[in-house]
2 protein chains.
Amino acid sequence: MSRSHTHVSQEVTAQACPLVEVIDHVAGKWSISILVAAAHGPVRFTELERSIEGISRRMLTLNLRRLERDGLLTRTVHPTVPPKVEYNLTSMARELHSYLTGLVEWAERHRGSIAQARTAYDSTAAATQAGQPHP
Amino acid sequence: MSRSHTHVSQEVTAQACPLVEVIDHVAGKWSISILVAAAHGPVRFTELERSIEGISRRMLTLNLRRLERDGLLTRTVHPTVPPKVEYNLTSMARELHSYLTGLVEWAERHRGSIAQARTAYDSTAAATQAGQPHP
DNA sequence: CAGTATCCCCTTCGATACTG
DNA sequence: CAGTATCGAAGGGGATACTG
């Protein structure tokens, strides 16, 4: 996304770091899963990989790096063999955590209603214009 | 190791509406902007288009449809000329709204710290491996 | 164990143009 | 006003293979 017209003069941090981008990083589906999964304490790479259903190693790494860069996660490497890397939430991220769990709990509570809403919407669309992708 | 093993995944994904997908729809950057912008009352298409900085008409339409399909927005067409379409949050979405504003306020509060964290991270990486992230 | 690197598909998104 | 249609560029994301 490129800024089309911006109030360029004053807040440099706002320029370097648009709100929408922060939200995008923090509220992406993998970010949320990672932050929630990492909240209960130091967590290792493979733990995350196993506990987050459907994430690939690549996506996990990418998101981990981005969250670390944004100051939401700390990454601690223990110079042992085999290597051991632990991730923790920063205090900033711990503050975020309650909103995220609120969101996740909301999603759990309403998952059923949403599924129903979709079915209803799809059948309405089918009745209206009789052109649905094959079931 | 199944302590803190979340029971939300396996059998639920068998259903049509995985949790991660719900979260993705509801917490995407445009979805959040739209839901927050639509919270204060009936809002029209062009109002949204103008109030959400950086969104394209296409993205607005796509996200609006998806939110409507998921049962988070109602779309009311007034058969006048010129046409008038109003969007409202459903009660389900109104419940979501507090978490979303919490998130947005968090992002506003910490935008500066995040920008700093990025700068720090980037200079550390540059010092460590003399290789900048791809421009 | 904890990643990187590479290939490649497929979705996302912006730009633009057209319509009821 | 409130969309829909189409195109082409960008990059998200999976599969796989390799490394310190």
Side-chain angles (χ1 to χ4, degrees), chain A residues 1-5 18 20-21 23-25 27-34 37-38 42-69 73-88 125 128-129 131 133, chain B residues 1 18 20-21 23-25 27-34 37-38 42-69 73-88 125 128-135:
Chain A
M1 182 183 44
S2 52
R3 68 272 206 256
S4 35
H5 90 283
V20 153
E21 193 197 5
I23 291 174
D24 198 34
H25 284 196
K29 61 176 170 180
W30 297 132
S31 303
I32 294 181
S33 301
I34 291 173
V43 66
R44 302 179 62 175
F45 187 87
T46 6
E47 278 187 84
L48 286 169
E49 193 175 13
R50 274 178 309 205
S51 70
I52 301 173
E53 190 85 8
I55 199 169
S56 66
R57 179 162 299 187
R58 181 183 139 88
M59 276 303 101
L60 181 55
T61 305
L62 255 39
N63 278 276
L64 246 20
R65 288 289 172 279
R66 195 168 65 175
L67 290 171
E68 190 195 351
R69 185 169 108 101
L73 285 183
T74 60
R75 176 173 175 270
T76 311
V77 182
H78 300 274
T80 60
V81 57
K84 178 175 177 180
V85 178
E86 288 182 329
Y87 292 92
N88 277 283
T128 303
Q129 45 176 306
Chain B
M1 281 297 177
V20 153
E21 192 197 6
I23 291 175
D24 198 35
H25 284 195
K29 60 176 172 181
W30 297 133
S31 302
I32 294 182
S33 301
I34 291 171
V43 67
R44 302 179 61 175
F45 187 87
T46 6
E47 279 186 84
L48 286 170
E49 193 175 12
R50 272 177 313 203
S51 70
I52 301 174
E53 190 86 6
I55 198 169
S56 67
R57 178 162 299 189
R58 181 183 140 85
M59 275 305 100
L60 182 55
T61 304
L62 255 40
N63 278 276
L64 245 22
R65 289 288 173 278
R66 195 168 66 174
L67 290 171
E68 190 195 350
R69 185 169 108 100
L73 285 182
T74 60
R75 176 173 176 269
T76 312
V77 182
H78 300 275
T80 59
V81 59
K84 179 176 178 178
V85 178
E86 288 182 329
Y87 292 92
N88 278 282
T128 303
Q129 45 177 311
Q132 282 294 71
H134 31 275

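Since we're looking at a predicted model, the values are computed, not measured. First the proteins, then the strands, lettered A, B, ... as listed; each starts at 1.
We find that CZ of A:R44 is positioned 4 Å from P of C:dA2, with the value rounded to whole Å. Rounded to whole angstrom, the span from the CG atom of B:L60 across to the C1' atom of C:dA15 amounts to 16 Å. Per the geometry, CG belonging to A:L62 stands 15 Å off C1' belonging to D:dA15, to the nearest Å. When rounded to the nearest whole Å, the span between CD1 of A:I55 and P of D:dG14 equals 8 Å. As a whole-Å value, the separation of B:H25 NE2 from C:dT11 P is 13 Å. The separation between B:N63 atom CG and D:dA2 atom P is 17 Å, rounded to whole Å. Remark: C1' of D:dA9 and CE of B:M59 are 14 Å apart, rounded to the nearest angstrom. Between the CD atom of A:E21 and the C1' atom of D:dG11 there is a distance of 15 Å, rounded to whole Å.
Distance check, rounded to the nearest 0.5 Å: CD of B:E49 to CE of B:M59 gives 12.5 Å. For the atom pair CH2 (A:W30) and CD1 (B:I23), the distance works out to 10.5 Å, reported to the nearest 0.5 Å. Considering NZ of A:K29 and CG of A:N63, their distance stands at 10.0 Å, rounded to 0.5 Å.
Looking only at side-chain heavy atoms (C-beta outward), B:V20 and A:S33 come within less than 4.5 Å of each other. The closest side-chain heavy-atom distance from B:E53 to A:P18 is not below 4.5 Å. Between A:N88 and A:L73, the closest side-chain pair of non-hydrogen atoms is not below 4.5 Å.
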Start with the C-alpha distance between B:F45 and B:T61, add both sets of side-chain angles, then the distance that settles side-chain contact (heavy atoms from CB on, under 4.5 Å), and finish with yes or no.
CA-CA 9 Å; B:F45 187 87; B:T61 304; 3.6 Å; yes

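Using a distance-only test at 3.5 Å, with no hydrogens or angles considered, a donor-acceptor pair links the side chain of B:S51 to the main chain of B:E47.
Residue A:S56 has no polar side-chain atom (N or O) positioned under 4.0 Å from OP1 or OP2 of D:dG13.
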Only Watson-Crick and G-U wobble pairs with both distances less than 3.5 Å should count. Give DNA chain D in dot-bracket notation, marking inter-strand partners with |.
||||||||||||||||||||

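Residues meeting the side-chain contact (heavy atoms from CB on, under 4.5 Å) test with B:R75, sequence neighbours left out: B:R65, B:E68, B:V77, B:V85, B:Y87.
The side chain of A:K29 sits closest to D:dG13 out of C:dG14, D:dG13, C:dG20.
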Filtered N/O pairs between nucleotides 3-6 of chain C and protein, under 3.5 Å:
{"from": "C:dG3", "atom 1": "OP1", "to": "A:R65", "atom 2": "NH2", "distance (Å)": "3.0"}
{"from": "C:dG3", "atom 1": "OP1", "to": "A:R75", "atom 2": "NE", "distance (Å)": "3.1"}
{"from": "C:dG3", "atom 1": "OP1", "to": "A:R75", "atom 2": "NH2", "distance (Å)": "2.8"}
{"from": "C:dG3", "atom 1": "OP2", "to": "A:Y87", "atom 2": "OH", "distance (Å)": "2.7"}
{"from": "C:dG3", "atom 1": "O3'", "to": "A:R65", "atom 2": "NH2", "distance (Å)": "3.4"}
{"from": "C:dG3", "atom 1": "N7", "to": "A:R57", "atom 2": "NH1", "distance (Å)": "3.2"}
{"from": "C:dG3", "atom 1": "O6", "to": "A:R57", "atom 2": "NH1", "distance (Å)": "3.3"}
{"from": "C:dT4", "atom 1": "OP1", "to": "A:R65", "atom 2": "NE", "distance (Å)": "3.3"}
{"from": "C:dT4", "atom 1": "OP1", "to": "A:R65", "atom 2": "NH2", "distance (Å)": "3.0"}

